Amino acid sequence: MYLELQKRLGGAIRSVLKEKYDLELESVPLETPPDLRFGELATPIAFELARKLRKAPKMIAQEVVAALGVVEGFAGFEVAGAGYINARLDRGAAARVIAEVSDSHPFAGEAGERMGRPASAETNLPAEQDRGHALVEHTSINPNKAAHIGHLRNAILGDTFVRLLRAAGYKVDVQNYIDNTGVQVADVVVGFLHLEHKSLAEIRALIADRELRSRGAFYQGTTSVVPQTQPNQQGASAPEAVEPIDYYCWDLYARTSQWYTSGTNEENEARKRLRYDTLHAIEHGGNETAEVAELISTAVLRRHLETMLRLGIEYDFLPRESEILHLKFWEAAFEQLKKTGVLYKETNGKNAGCWVMTRPAAAGRPGAETTDGETDEDAKVIVRSNGTVTYVGKDIAYHLWKFGLLGRDFGYKRFFTYPKHDCWISAMEGEAVHPHFGGAQAIYNVIDSRQADPQANVIQALRGMGHAAEADHYTHFSYEMVALTPRCAVELGYDVPEEDRSRPYIEVSGRKGFGVKADDLIDKLIAATRAEVDARQTSRDEAGRQRIAEQIAIGALRYFMLKYTRNSVIAFDFKDALSFEGETGPYIQYAVVRIRNIFRKGGTTAEAALAELAGLAELGLYVSGEANEDIWALWLRAGRRTQVLEQCLATSEPAYLAKHAFQLAQEFNNFYHRHHILTEEDPARKTFLLATAAIVLRELMVTLTWLGIESPEAM
RNA sequence: GCGCCCGUAGCUCAGCUGGAUAGAGCGACUGACUACGAAUCAGUAGGUCGGGAGUUCGAAUCUCUCCGGGCGCACCA
């Protein structure tokens, strides 16, 4: 609603300025006044024009207001302060618009359902239903250990952004890149083969056993969006629970990392050699070491998908580095890079014999402009003097593929089955019939801010190859890390050095096995919400209570990861993460439950309430006047959903929507205490109050769905 | 050395492309359940927006500088 009115007012003011002063403005700044006393929209445009027109701002504002006359949807305009132009809405008409914006079935359906592309009416984005094909890469955890809280932030940010893109009318492919041939996997392979001295057969048996006996077995083939957690103590016939494979690897990876540096100098040298020999065997493929790597990385990957599914996060495609290597993606990219002159062979200096690329110009100085014959010592090495390609090189090839510019494709195999679709994985020889991935118009890479430089290199390469449009639609969706507060680290039993205890936060480290595992946190959250639900929902059955507890726990976790803007470091603490009061997911869920209770108790429905509103004459009366300002503010916020969505997309910042949902819930709770709906004696006013609740319910449910948070039936 | 990010209430964070009296949650203190269920609400206390200079009619927001904290800058992935 807001967007449309803003456009209309901006247009009206622009044409007045054109007519009166012969000024052509790109756009008119419009803002929300600090208080409803000043109207619903305002512009400080007169201040800007004061110098140009050599007139007092107040005078300009008065002239503009006089010339504006009548604008549809607005009740009037006035000048305030030193020259603000304030606009007042025709509240009755605006309220009708807010009430009518709705999707086909806003109150029905599972809120946690995988978001398809909603009807255009829901997003209120006319004529922009098909915005093109976007590709979002997120999660991308090295498949050698359990996911931790840092990975959760990545996946939740990415998944939420996917939902926002889909809500706005984009076709979106979700990819989770799997580095199954990197050093991290090699390290765990070294651990299995050389620390634990296990054979291929033993490793295979160990993984099979863990998949059977660990919680992983319980998530397999589940039909529920959020699988039931497996209560370890219950079910006497269940086999003895055992740590899942990703937990096992978590410890082994940490042990191996330590092992590299814990021997004598000679031993350490040998161990390092072993490490790189193992890495190269894995990269090369076709040997037993590579087979071990494949087994482990696939088993751990499966666990990651299970963990993420608990949060309602699904993927469409899992491209793996092994296929990027063996399908010769790099060779194809290399040809293009040479042909376009992006890469050149260095003959002098420290990089002699390497194929290098000029780095992106630094913001401060152009720096990297190589004049002929001069050696750019700062250039980025893409192909080493021994002929092997670096990580950035492989990444360039992968991104050419993402945009459909590589001229090669993966093989595709089904890998994981979700309730409503399949997730595919790359393969040398895939299935004959498969969906097509890649060839997107816009891509978003959810990768932490430490990778800013390599990401900039890839963009630079694309631009250098002449793919300017693609480079412009390449977004490094960066975010800051999740760290632990020193107190939390101590609480977890880690040895925290004295000098670290006064720091604001301590970085999580997979290599050191230092961090909070994702599944542990989720389990802990569910246990906490379950205790609350058990205390409140005494007449509900076991399964019902468990389901509600899970919905609340996931809501709390997702909201926690979304409430911070991307570039603020989250200093993780159980106290904050396990909180269900104040600015949290459960607070918003609770508002939804409250509204549902009103309709249940009142023996009516939200749909009926909105239908009745249509028959209410003089709607404007109920949203005007001193006594109704708070209600009008609530309606106005309810009308902001698409505006907030667009803001989130424009800035790649889901936190704004999280904030919006909270503020709407907060204003509703205030309204709830001030106006008792079901005991209202004036039938017309009761209709209006019920419709108010219905609109807030609709808005909260749609917004929560976009955030990936379900609405429990009771709390 | 170069680059990026951060510094706002006791704590954790918002503050939209510069705009009207700087906001929220938590914590502290005071109140509100014969209930549309208090995972809630109302109220009080609490801020030199890290320091300084500049641009502007106007700066938490833009520029410069200094201070403090974090993270990147490999023929590692």
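So that the names make sense, note that chain A is the first sequence line, chain B the second, and so on, each numbered from 1. Predicted, not measured: the structure shown is a model, and the values here were computed from it.
Applying the side chain to side chain donor-acceptor pair (under 3.5 Å) test to A:R640 and every residue at least two apart in sequence or in another chain returns A:Y2, A:T32, A:Q643. Among residues two or more places apart in sequence or in another chain, the side-chain contact (heavy atoms from CB on, under 4.5 Å) test is passed with A:D630 by A:R674, A:H675. Under the ring-ring contact (aromatic ring centres under 6.0 Å, His included) criterion, A:Y253 pairs with no residue, sequence neighbours left out. When the ring-ring contact (aromatic ring centres under 6.0 Å, His included) test is applied to A:F574, the partners found at least two apart in sequence or on another chain are A:F572. Taking the ring-ring contact (aromatic ring centres under 6.0 Å, His included) definition, one finds that A:Y505 meets it with nothing, sequence neighbours left out. When the ring-ring contact (aromatic ring centres under 6.0 Å, His included) test is applied to A:Y398, the partners found at least two apart in sequence or on another chain are A:Y177.
A:H284 NE2: 12 or fewer foreign heavy atoms inside a 6.0 Å radius. More than 12 heavy atoms of other residues, nucleotides or ligands shown are found within 6.0 angstrom of CZ on A:R501.
Protein atom CD of A:E653 is 16 Å distant from nucleotide atom C1' of B:rU17, rounded to whole Å. Rounded to an integer number of Å, the gap from A:Y559 OH to B:rA24 P is 14 Å. In this structure, A:Q643 atom CD and B:rU17 atom P are separated by 13 Å, rounded to whole Å. Rounded to an integer number of Å, the gap from CD of A:E532 to P of B:rG37 is 18 Å. Distance, A:N669 CG to B:rG25 P: 11 Å, rounded to whole Å. Atom pair A:I588:CD1 and B:rA39:P shows a separation of 16 Å (rounding to whole Å applied). For A:N567 and B:rG15, the CG to C1' distance is 14 Å, given to the nearest whole Å. The CD atom of A:E713 sits 15 Å away from the C1' atom of B:rG37 (whole-angstrom rounding).
When the C1' atom is compared between B:rC75 and B:rA59, the two are found 48 Å apart, to the nearest whole Å. Rounded to the nearest Å, the gap between the P atom of B:rU8 and that of B:rG50 is 6 Å. Taking atom C1' on both nucleotides, B:rC26 is separated from B:rA9 by 12 Å, rounded to a whole Å. Nucleotides B:rA32 and B:rA38, compared at atom P, are 15 Å apart to the nearest Å. Using C1' as the reference atom, B:rA22 and B:rU63 are 23 Å apart when rounded to the nearest Å. Separating the C1' atom of B:rG46 from that of B:rU12 is a span of 15 Å, rounded to the nearest Å. Remark: the separation of the P atoms in B:rG10 and B:rA28 is 16 Å, to the nearest Å. Using C1' as the reference atom, B:rU21 and B:rU17 are 23 Å apart when rounded to the nearest Å.
Nucleic acid contact class of A:L30 (heavy atoms, under 4.0 Å, all strands): base. Within the nucleic acid shown, A:H675 comes within 4.0 Å of at least one base atom, counting heavy atoms only. When heavy atoms are screened at a 4.0 angstrom cut-off, A:N86 is found touching base atoms of the nucleic acid. When heavy atoms are screened at a 4.0 angstrom cut-off, A:R594 is found touching the sugar-phosphate backbone but no base atom. Within 4.0 Å of A:R37, counting heavy atoms only, lies at least one base atom of the nucleic acid.
Distances shown here put a side-chain N or O of A:Q666 below 4.0 Å from the OP1 or OP2 atom of B:rG25. Side-chain nitrogen and oxygen atoms of A:K659 include none within less than 4.0 Å of the OP1 or OP2 phosphate oxygen of B:rG23. At the phosphate of B:rA39, OP1 or OP2 sits under 4.0 Å from a side-chain N or O atom of A:R536. An OP1 or OP2 oxygen of B:rC41 is reached within less than 4.0 angstrom by a side-chain nitrogen or oxygen of A:Y587. One finds no side-chain N or O of A:N597 lying less than 4.0 angstrom from the OP1 or OP2 phosphate oxygen of B:rC36.
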Solution key, residues 47-56 of chain A side-chain donor-acceptor pairs under 3.5 Å, sequence neighbours excluded:
unit_1 : atom_1 : unit_2 : atom_2 : d
A:K55  : NZ     : A:E63  : OE1    : 3.0
A:K55  : NZ     : A:E63  : OE2    : 3.1

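Between the side chain of A:Q455 and the backbone N or O of A:S478, no donor-acceptor pair lies under 3.5 Å. Between the side chain of A:T692 and the backbone N or O of A:F688 there is at least one donor-acceptor pair closer than 3.5 Å. A distance-only check finds no donor-acceptor pair linking the side chain of A:R641 to the backbone of A:H660 [under 3.5 Å]. Of the possible polar contacts, one joining the A:R566 side chain to the A:S652 backbone as a donor-acceptor pair under 3.5 Å is found.
Each of A:D35 and A:T529 has a nearest nucleotide on RNA chain B; the 5'-most of these lies closest to A:D35.
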Self-check item: Under 4.0 Å protein heavy-atom contacts per nucleotide of nucleotides 68-77 of chain B, with B for base, S for backbone only and - for none
Solution: --SSSSSBSB

Exercise. Produce a footprint string for nucleotides 26-33 of chain B: one letter per nucleotide, 5' end first; B if the base is under 4.0 Å from any protein heavy atom, S if only the sugar-phosphate is, - if neither.
Key: S-------

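For A:L678 against A:I598, the heavy-atom pair with the smallest separation is CD1-O, 3.8 Å.
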Identify each atom pair where a protein N or O and an N or O of nucleotides 54-58 of chain B are less than 3.5 Å apart, giving names and distance.
unit_1 : atom_1 : unit_2 : atom_2 : d
B:rC57 : OP1    : A:R51  : NH2    : 2.3

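With a 6.0 Å cutoff to the six-membered ring centre and a 45° limit on the axis angle, A:R594 counts as a cation-pi contact of A:Y672.
Of the candidates B:rC41, B:rC36, B:rA24, B:rA24 carries the atom nearest the A:F662 side chain, counting heavy atoms from C-beta on. If you check B:rA38, B:rA20, B:rA42 against the side chain of A:A42, the one that comes closest is B:rA20. For A:P44, the listed nucleotide lying nearest its side chain is B:rG19; candidates were B:rA39, B:rC36, B:rG19.
No hydrogens or angles considered: nothing links the side chains of A:N268 and A:Y260 as a donor-acceptor pair under 3.5 Å.
Every pair passing salt bridge (Lys or Arg N to Asp or Glu O under 4.0 Å) that includes a residue from residues 448-458 of chain A is listed here, sequence neighbours excluded: A:D448-A:R450, A:R450-A:E507.
Both key distances under 3.5 Å define a Watson-Crick or G-U pair, and stretches of 3 or more such consecutive pairs in RNA chain B run B:1-7 with B:67-73, B:10-13 with B:23-26, B:28-32 with B:40-44, B:50-54 with B:62-66.
Residue side chain A:Y84 meets the stacking definition with respect to B:rA20: its ring centre sits within less than 5.5 angstrom of the base's six-membered ring centre, and the planes differ by less than 30 degrees.
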